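Written out below as structure tokens is the structure these notes cover.
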Amino acid sequence: MKVLRLDKADLERWFVNWAKTREVYGPLRQSSSDSKSISVNKSYTDWAILKDGKFPELGTGLPKSPIKKFFFPQPETLFTCSKRKGDPDAFVFKEPENRDNARKVLVGVRPCDARSVELNNLPFEKDPYFQANRAKTAIVGFTCRDRCQTCFCKEVGGSPVGTEGMDIAVTQLDDFYMAEVITEKGEELVQEGGGASEASGEEISRLKESKAQVESLFSSMSDPAQALEAMKAKDLFALYNAPFWSQLADSCINCGICTFLCPTCYCFDIQDEVVKGTIRRIRYYDSCMFPLFTLQASGHNPRGQKVQRVRNRFMHKFKYFPDRFGPFSCVGCGRCIRECPVNIDIREVLKDLLAVE
Amino acid sequence: MDKTSVQKKEWEPKIIAFLCNWCSYAGADLAGVSRFQYPPNIRVVRVPCSGRMSPNILLDALKAGADGVLVSGCHPGDCHYISGNLFARRRFAIFKSLIEFLGIEPGRLNFSWISAAEGEQFAKVVKEVTERVRALGPARRLVKEI
Amino acid sequence: MSTTNSTITEDIRAKAKQLLSSGEVAAFLGFTTGTLPMTMRPFVARRPEDAERLVWNSFCVMNLANYLPDLLKSVEPPRGPKDPPPEGPLPKVGVLATGCWSRNIVVQIQENQVQRDRLVILGIGSRGMVDRKKVLAQVDGREVWTSEEGEHSLVIEGPGFKKEIQRWDVVRDNCQTCIHPNPVIYDYQVGQPVSPREVKDRFRQVNEIEAMSSEERWSWFQEEISSCIRCYACRNACPLCYCPTCFVDDSRPQWVGKSIDLADTSIFHILRAYHCAGRCTDCGACESACPMGIHMRLFTKKLEKDVLELYGTEAGMDPDVPLPLTTYKEDDPQNFLITEAVGQTSEAGEGVKP
């Protein structure tokens, strides 16, 4: 694996060069330029296109939303067709003509977010839309240096300095950066970015040292591999009937914040929209927190109660998904903990689940 | 410049008129029978009562591309269902104020009371609504494009 | 913890414990400490010993009235859809209520969602709740590890900083303009009633927006909602939103598209706000729950202003005053009619016939 040494100027040049042929996205602060006193004040970073030499916020913290929208857009148009009278092709579903084919680079992606793409790849392995989006999107990750209070990537099998899912992994060392080029896509980006020198042996050992130091910041309450095996071994119905679900449901308001801001929640619904003689079939996010999620045409709803819906989200992440695909469907980014208006903490739920006999 | 002026000439506002079955619809009928001229821009939807008009429907009309909406019912006190239009009056007052507060142009959404005997009044109202909407130009806000 | 909060917390615990152990209530709804600073977790105490976990401070922003209809149902003895209702009185629920929450309970009573005789309300005079987003904005969005609340200040600590901020500077907008901090209905008073505040102009923000042009207002509205992810937290945090099927879930006809198209999002926010017309007490739960920092409270504040100006009522102040949109007066203002501009040809509509 190639390791490069970069200065901030090199990174800036990379972003500018990439932007010539691709769309470059990074976390930017969403503050408003409005000078009126009724300002739209949003003091957080979120994904935005980098234009006019804007440099993304690569410091601490996570952007507000996960990167799943680049692979699993809200909404994705699957087909379109015309319903105009006299159109010989009326009601013939076709590939949408104006599909977004731009190549994209995401810079400043945290290891948890990058890993989510790998996890979502499991259920979407044969999904042509996800795969097409994946093929045209490169991920330039930034490894973590600090720990947020809601971070728990290590407990679900990730790492704050992990490179899973990334094409290039950048690590900041004091005043310069180290870039590990992981995939061919990454190599291509380096060629396009140009002008970075190979790192010396001493620099590489410093990189390793720094990574080990960050890793030690993230102590884990349990051995992740053991926790995973334990969850797989547990009886499904014992977990399902555990008493703590009703207490969780007492405080939950059944909104979709946790699922929509979760990097690994991938449930969707499909519907046909008709606008002025055009039909489009869209795929959009759905949330297991909503009663409509499981409502059947007969009117019966197998998850008609709040407690059943709350349970499903965690059971899916920690039991159904591992049983089916292997790993937990959680990368430990902590967005659901941070954004939950009633402080439902997925770490507590995992602890409770592991305690079930 | 030429192009826009041509477009403006060709564009005719499309206005959806929700008329109550008992008064305004009959008023529209009378306008026709009495040969009062009014612009052909309205598309009439007959509803049982102005009290039936839910804001959902009004917004749906705007979303589907209507340039203007007119809702008309019986005069207060004349409602076939005693009080339908009186409830509607409160709802419309609040709703119109809300959507104008949120930036929908005043004049897109219009309300009136027209009785079955007011054929001339009906023609007058339609003329006024059409002129207002024409002055605003085609509706863009809330129109869904895909 | 400030003395005011610790006194209230002690009072709540004692009263809740007494209510639960005497069996007067089957459950007591309050708040407990969560895993993060500045975020309180709504909590249902069902056993007397649970009462020790109840806490009160300035971060109790979720409106507890929101949980009441479901909670009351959940403490009823289980029965099938066709079984007759059980004989004798149904179990009661204890709940905390500040000014706005108690007004929401009044609205719920008026709308037959809860029954007054099944509630034991502990009234608290609200000193104003703190907006977590305002605190975060004070430290440039950095993380806050701990927060310590004093009587009039907050001490927050995070990576590389420790800062004392004035509590009132970070109190939520709706609380800063609140003129009804004390509960309108309650069974027991906890702590001291708050003396009514001087609020210069409670509709200041609305007036400022009204002063803008139509285009400016539209761009403000669009910018405000552009980050909406349609998670419906504003709807679900709202004590007024209890419909079994919300208009956004209707599919025949479908009023609102499902994805984050701006036209659809606009319609969602207009209709969500409109459904609160004459019922909203400006409790601010929607805005506090929003993960994206949208100020949707301003939309309902405008409705509050209109209803007060046009019909002279405020939601939930008196159970005997009907909600403004469920009633009418024969001489309600109607200057929004286009006929006012066109003029009337006949005498009909000039006032009201006897």
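Because the structure is predicted, anything quoted here is derived from the model rather than measured. Numbered from 1 within each chain, the chains take letters A, B, ... in sequence-line order.
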Atom CG in A:Leu248, atom CZ in C:Arg41: separation rounded to 0.5 Å? 7.5 Å
Taking every heavy atom of C:Cys231 against every heavy atom of A:Ile257, the minimum-distance pair comes out as SG-CG1, 3.5 Å
Would you call C:Ile229 and A:Lys69 a side-chain contact if the rule is heavy atoms closer than 4.5 Å? no
Examine whether an atom of A:Cys340 lies under 4.5 Å from a heavy atom of chain C, and if so say whether it belongs to the side chain, the backbone or both; otherwise answer neither. backbone
Segment of C:Asn66 engaging chain A (4.5 angstrom heavy-atom cut-off): side chain
Minimum heavy-atom separation for C:Glu143 and A:Cys148, please, with both atom names. OE1-CA, 3.1 Å
Heavy atoms of C:Pro42 and A:Ser251 approach each other most closely as O-CB, 2.9 Å
Measure C:Asp50 against the heavy atoms of chain A and call it side chain, backbone, both or neither at under 4.5 Å. neither
Heavy-atom proximity to chain A below 4.5 Å, by part of C:Val144: backbone
If we count only N and O atoms by modelled type, under 3.5 Å, do the side chains of A:Asp345 and C:Thr35 hold a donor and an acceptor together? yes
Atom pair CG/CG of C:Asp249 and A:Leu292 - distance to nearest 0.5 Å: 4.5 Å
Is it the backbone or the side chain of A:Thr150 that comes under 4.5 Å from a heavy atom of chain C, or both, or neither? both
Shortest non-hydrogen contact from A:Phe290 toward C:Arg230: CZ-O, 4.4 Å
Residue part contacting chain C, namely of A:Leu295, when any heavy atom lies under 4.5 Å: neither
With a 4.5 Å heavy-atom cut-off, do A:Val342 and C:Tyr67 have their side chains touching? yes
For A:Ile253 and C:Met62, which heavy atoms make the closest approach, and how far apart are they? CG2-CE, 3.5 Å
On a heavy-atom basis, which atom in C:Gly34 and which in A:Asn343 lie closest, and how many Å separate them? CA-OD1, 2.9 Å
Among A:Glu348, A:Gln305, A:Met289, A:Glu273, which residue forms the greatest number of heavy-atom pairs with chain C at distances under 4.5 Å? A:Glu348
If I measure from the heavy atoms of chain C, does A:Asp286 come under 4.5 Å with its side chain, its backbone, both, or neither? neither
Are A:Pro75 and C:Lys258 packed together at the side-chain level, in the sense that at least one heavy-atom pair is separated by less than 4.5 angstrom? no
Residue selection (most heavy-atom pairs with chain C, distance under 4.5 Å) from A:Glu339, A:Lys64, A:Gln271, A:Arg338: A:Gln271
For the atom pair OG1 (C:Thr39) and CD1 (A:Ile337), what is the distance rounded to the nearest 0.5 Å? 11.0 Å
